[in-house]
Amino acid sequence: KSIFKRFSKETNQIKKLVITYPNTYTIENLDSIKSVLQDELNLNLNGQVAFVPESDAVAAYYFNQKIMNDGGFFDENFSIS
């Protein structure tokens with residue numbers, strides 16, 4: 001909790017917060033994090049905060065890199081590159 005208190009003064013500037021968490025986290029682990037965000041930082045968990053499993057975040061990152069840096073998944077013949 002103490003690490004979150006460090007950011008309590010800046011929470012009014014947060015429009016959207018995405019938190020990644022390990023795939024091994026239980027519902028209880030997530031509930032603890034949600035509780036701190038809501039109780040200590042007064043963040044709205046309905047729309048202001050999103051939770052994404054780390055595996056999904058990594059997949060989204062690599063997907064984005066493939067699109068942005070390599071031009072996508074298909075070559076000029078529409079074959080998978």
Side-chain angles (χ1 to χ4, degrees):
K1 286 186 175 184
S2 63
I3 193 163
F4 288 111
K5 288 183 182 182
R6 175 178 163 204
F7 301 106
S8 63
K9 294 178 184 172
E10 290 90 11
T11 57
N12 62 339
Q13 299 173 16
I14 297 173
K15 293 184 177 24
K16 183 75 171 179
L17 178 65
V18 178
I19 296 179
T20 62
Y21 61 89
N23 292 356
T24 57
Y25 265 31
T26 63
I27 291 181
E28 291 80 15
N29 294 130
L30 286 174
D31 287 343
S32 295
I33 294 172
K34 290 176 182 179
S35 175
V36 169
L37 292 171
Q38 198 166 28
D39 299 343
E40 300 295 326
L41 298 179
N42 298 316
L43 292 175
N44 179 358
L45 299 180
N46 295 321
Q48 188 177 15
V49 180
F51 293 88
V52 179
E54 284 180 346
S55 60
D56 291 3
V58 169
Y61 172 80
Y62 282 110
F63 181 83
N64 186 53
Q65 291 299 307
K66 185 71 173 168
I67 297 295
M68 299 301 288
N69 297 330
D70 299 339
F73 293 92
F74 301 96
D75 63 17
E76 63 276 354
N77 298 319
F78 297 103
S79 297
I80 297 177
S81 57

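FYI, the numbering just counts along the sequence from 1. If you're wondering where the values come from, they're calculated on a predicted model, not measured in any experiment.
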Handout entry: N/O donor-acceptor pair under 3.5 Å between Ser35 side chain and Asp31 backbone
Key =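 No, Ser35 side chain to Asp31 backbone: no donor-acceptor pair under 3.5 Å.
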Taking the side chain as everything from C-beta on, heavy atoms only, tell me whether [X] gets closer than 4.5 Å to [Y].
X     : Y     : value
Leu43 : Leu17 : yes
Ile19 : Val52 : no
Pro53 : Asp56 : yes

Could you give the distance from [atom1] ([X]) to [atom2] ([Y]), rounded to the nearest 0.5 Å?
X     : Y     : atom1 : atom2 : answer
Leu41 : Gln48 : CG    : CD    : 9.5 Å
Thr20 : Tyr61 : OG1   : OH    : 14.0 Å
Gln38 : Leu45 : CD    : CG    : 4.5 Å

Exercise for the section: Under the side-chain contact (heavy atoms from CB on, under 4.5 Å) rule, what do Leu37 and Phe51 come out as? Steps first, then yes or no, please. Expected result: CA-CA 12 Å; Leu37 292 171; Phe51 293 88; 3.7 Å; yes
Practice task
Establish, from distance only, whether the side-chain atoms of Asn29 and Thr26 form a donor-acceptor pair under 3.5 Å.
Solution key: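 Yes, Thr26 and Asn29 have a side-chain donor paired with an acceptor closer than 3.5 Å.
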